[in-house]
Amino acid sequence: MGESENSYAIQMQGVTKRFPGVVANQAVDLSVERGHVHALLGENGAGKSTLMNVLAGLYQQDEGQICIFGEPVNIQSPKDAIELGIGMVHQHFMLVESLTVAENVILGLYPTGLVINERKVKQELRDLADSYHLNVDLDAYIWQLSVGEQQRVEILKLLYRGAKILILDEPTAVLTPQESDQLIDILHKMASEGKTIIFITHKLHEVMDFSDRVSVLRDGEMIDTRVTSQTTKNELAKLMVGREVLFNFQERAHERGDVVLKVENLKALSDKGLPALKGVSLEVRAGEIVAVAGVAGNGQRELAEAITGLRRVQDGRIWIRGVDITKKNPWQVIKAGLSFIPGDRIGRGLVPNLPISDNLVMKVYRKPPISNGPFIDYQRVEGFSERLVDAFNIITPSVKTNARLLSGGNQQKVVLAREIDASSGALVAVNPSRGLDIGATEAVRKTLLEQRDQGAAILLISGELEEVMQLADRIFVIYEGEFMGELDREEAAVEEIGLMMAGEKRERRTDEISQSSGGQ
Amino acid sequence: MSKPSQENWYAKLIDIALPIFATLAALIVGAVMLLLLNVNPIEAYAALWEGAFGSQNALAETLVKATPLLLVGLGICISFRGDVINIGGEGQMIVGAIIGTQVGLRMVDSPGWLVVPLALLAGFAGGALWGGIPGLLKAYFNVNEILSTVMMNAIAVQLMTFLLRGPMIDPAQAELASKIPQTARLMENFRLPRWIPTRLHLGALIAVVLAVLVYILLWRTTWGYRIRSVGQNPDASAYAGIQVKNYIVLALVLSGAFAGLAGVMQVYGVNYRMITDGSGSGFTGRAGFNGIVAALFGQLHPLGTIPASILFGALLVGANKMQRVVQVPSALVIALNGLVVVFVVSSEIWRRKRQRRRLAAEMALQEGAPGESDGSEAAHYGGEVD
């Protein structure tokens, strides 16, 4: 098959990639036409990045075939991929901060020989940059550049190495709207010059704005590929999140009580110093679960951390039962009665190398009877731990086992047990069932519902729509640090939430929201 | 379910035996070096043993050398458990000794029962100060503590040389041309009690008692719990309401304090004055560094650090004897010490890798449990659950 007969730049057939315990890609077929901008759409964990990493040589597929420009290939390493003309811009840039743009491009070029003709390389780079509108100062140091400029350096690097297929992993996630517009311009320019572009995203408007084709992945499987101009956001949202939502929990028969947690006009910055929360307000009453749904990275983490005192609040206020906890440290927030189930079990929820018992007492070890002055009574610690292990059905050889050794579900039960035991009826839970199997997921969700029925006020921050639909009484959808709207669970449709998750504001409720928050 | 626990037991035994094997391996490499120098290694090592344990006096000298190693090592147990790497033992010893010596030199008219405890406390405080500065820098300005503690060593050495040659010099030496950098001798009633006729002093016993106290601190108190928790996972600790910064500072303060105590005990227990030979390690005898090795050898456990310190004390004392008996250059003795350090540290790195692999294997075993339903797992651990 000659190159001229084949209009496909990439053909992947039956590509399967497994990691211990997970199938990241299950028999995925993907064909990308030459000179097209192809979007790869899917939720977090759908397997988009894994699939592209296979193409870029970072992973090897366990099964399946890949053809590049019609030729069957075996990509063993990123070097192989580059030689085939495949380059990938990762979410985290691979640049040396203390070198200049030109030096970064030269770095890793092979073969370079002993002497590098920097003048010649720079001239070539300048021509290349001009022809693709990649404005960047070749003599600037990387640390002086904005994120958008750094991204352009990455693209330039790939083009200079002769990339014909460019893969961009969530390229707009770190960009300002203006930088995004510039990027779109660059991508179109490259496509018109015959380059093939794949970009990974979970934002629907980007797909609609600048792709020719779109493929939707869900749970590691290829759902469908559509011509962008012949599909709609609604359809794509449904394809993206469209699993059956189970309503297998009994309907609630409970009354909402007083306001327990109140957040007003909260603003906070991300780790990078960009606005991550742009003034969000919500209330959680006793006996209800309020969910904040949305694609990860839209301010959920910052919201949870700001409420729990782990992140600086820029503006706005937070109350627990009328007590102002804005700008209080985590210990003061804990004392005010807030419990927190963090999204990152291993990184934040647990100290993996300490025993379960040490992990279970993290919130009570300061007080009698567990400790007496500075001394911890380890017999009491053990008794306390065994009680929680029984009550929450944590499966472990002993309470002395290090938390690291437990399965994910049991680790999460340790966190739940500790937080619920210490809870005074206010709980913030972030992705509480992420990465758990069905049994553990159900146990975790049941526990949350039980707590609600006993009158707890729960703020559930979750990227999983299924979880939100199962548990929440009211749903806020967050997008780029703002709430797109509020829905009651009864009236919420998956498609609508999907649209809001992708940045569509919900118009008809806005007056009601402003009224209710104004009235408080 | 006896199999995994048996394997665990076996793996633990290897962990404990590993430093001993590493020491033996170092001695074998040392033997090759001795052979190259035309020295009979068996004769040389016999002299080493003789020098370290061969007589009452030899044993006492070994323990005298082990005491500062143990004290510094106890501090290292605390700081390393808190994931703070304190390389500043040398400087902390020196500053502890300077301040402690000042107490003895200034309170000449006071009774010994008051001066000695006060001097030890002053040494403790001096080391705490010298450790606390890098601690504050790390906690509040994110300054790497490895660099800052090493720099603090250099400052302390210069400070000591200046003081012992200048303001604190022995008035008798000031008159002489030799001007040996040393302070005046302490009053006789300020000396730590000795086990006559050896130089073994009360400090050794104090160090052992402190080892037990450090064990209690680390594993029985809220402070120790927080230090260890911060060391293992600062994010989780912050989220549980622990003031992470305070415990970073505390780990370095305590670590420095124990080194300071080691310094002041050299003065009140061994030399009865502060004295150096003008070199950086003239006062400490490198105990500030060797204590780190002793603590690692003892697997960062205060009680494990006791035998580890004795081993290194024995190597130091025995090597002197070896040098005299078989006439090897002193550089070889230093090389031998270095070999033990390299082998032990490498084995420690290897041990950690093994531990990680073992954890991964155990995890895989757990994750792989069929269905992972509660029932099957309960059966899986049936033997141990009740």
Side-chain angles (χ1 to χ4, degrees), chain A residues 20-21 305 308-310 329-335 340 342 344-354 358-359 361-363 365-366 370-378 381 389-390 393-398 401-410 415 418 422 436-440 443, chain B residues 1-2 4-5 8 81 83 216-246 352 355-356 358-386:
Chain A
E305 290 181 355
T308 51
L310 290 161
N329 70 33
W331 174 231
Q332 290 166 317
V333 174
I334 291 168
K335 276 199 293 192
F340 179 37
D344 183 3
R345 260 195 304 279
I346 293 289
R348 192 143 247 170
L350 295 168
V351 185
N353 285 331
L354 291 183
D358 278 8
N359 276 289
V361 297
M362 277 190 104
K363 293 234 159 135
Y365 73 93
R366 304 160 193 260
I370 298 293
S371 63
N372 184 6
F375 294 101
I376 297 179
D377 183 340
Y378 273 87
V381 169
V389 162
D390 280 350
N393 205 11
I394 301 166
I395 310 298
T396 170
S398 102
T401 305
N402 282 359
R404 160 162 282 163
L405 292 173
L406 297 190
S407 68
N410 282 304
V415 177
R418 177 182 69 211
L436 304 186
D437 61 28
I438 295 168
Chain B
M1 280 322 291
S2 64
S5 62
N8 233 325
R81 288 274 171 191
D83 199 26
I216 292 172
L217 169 80
L218 279 176
W219 279 284
R220 286 291 176 269
T221 68
T222 53
W223 286 19
Y225 173 78
R226 288 181 206 145
I227 288 175
R228 288 184 298 121
S229 167
V230 168
Q232 290 286 351
N233 191 343
D235 286 342
S237 304
Y239 138 77
I242 296 173
Q243 302 283 336
V244 172
K245 287 178 185 192
N246 295 357
R352 282 192 196 164
Q355 200 174 25
R356 266 203 298 274
R358 204 161 68 222
L359 283 174
E362 280 178 50
M363 281 236 288
L365 202 85
Q366 279 222 333
E367 300 289 331
E372 219 204 310
S373 75
D374 291 359
S376 73
E377 266 195 29
H380 192 64
Y381 287 115
E384 278 138 311
V385 165
D386 40 321

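The analysis underlying the following values was restricted to heavy atoms, covering all of them including side chains, and did not include hydrogens, waters or symmetry mates.
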**Prompt:** Do you know which of A/Gly309, A/Gly347, A/Pro330 has the most heavy-atom pairs with chain B at a distance under 4.5 angstrom?
**Reply:** A/Gly347

**Asked** Given a strict heavy-atom distance threshold of 4.5 Å, which part of A/Tyr378 is in contact with chain B: side chain, backbone, both, or neither?
**Response** side chain

**Asked** Should we say atom CG of B/Asn246 is surrounded by more than 12 heavy atoms from elsewhere, each under 6.0 Å from it?
**Response** yes

**Prompt:** So what's closer than 4.5 Å to chain A heavy atoms on B/Ile242: side chain, backbone, both or neither?
**Reply:** both

**Message:** Let me confirm one number: the CG-CD distance from A/Leu354 to B/Gln232, rounded to the nearest 0.5 Å.
**Reply:** 5.0 Å

**Asked** Got a donor-acceptor contact below 3.5 angstrom from the B/Asn233 side chain to the A/Ile346 backbone?
**Response** yes

**Message:** So B/Arg228 and A/Val351, do their side chains get closer than 4.5 Å, heavy atoms only?
**Reply:** no

**Prompt:** With respect to chain A, which residue among B/Ala240, B/Ser237, B/Pro234 yields the maximal number of heavy-atom pairs within a distance under 4.5 Å?
**Reply:** B/Ala240

**Item:** Residue A/Asp358 versus chain B: region with a heavy atom under 4.5 Å
**Value:** both

**Item:** Neighbour count >12 (heavy atoms, 6.0 Å) for atom CH2, B/Trp219
**Value:** yes

**Item:** Residue A/Val361 versus chain B: region with a heavy atom under 4.5 Å
**Value:** both

**Request:** List the atom of A/Met362, the atom of B/Ser229, and the distance in Å for their closest heavy-atom pair.
**Result:** CE-OG, 3.5 Å

**Asked** Considering only heavy atoms, which portion of A/Leu350 lies under 4.5 Å from any heavy atom of chain B: side chain, backbone, both, or neither?
**Response** backbone

**Message:** Shorter than 4.5 Å, heavy atoms on both sides: which option in A/Lys363, A/Arg366, A/Arg418 has the most such pairs with chain B?
**Reply:** A/Arg366

**Message:** Which atoms of A/Ile370 are under 4.5 Å from chain B, going by heavy atoms: the side chain, the backbone, both sets, or neither?
**Reply:** neither

**Message:** Applying side-chain contact (heavy atoms from CB on, under 4.5 Å), can you list everything that pairs with A/Ser371, at least two apart in sequence or on another chain?
**Reply:** A/Ile376, B/Thr222

**Prompt:** Who are the ring pair (Phe, Tyr, Trp, His ring centres under 6.0 Å) partners of A/Trp331, not counting sequence neighbours?
**Reply:** none

**Nearest heavy-atom neighbours spanning A/Val415 and B/Tyr239** = CG1-OH, 4.2 Å

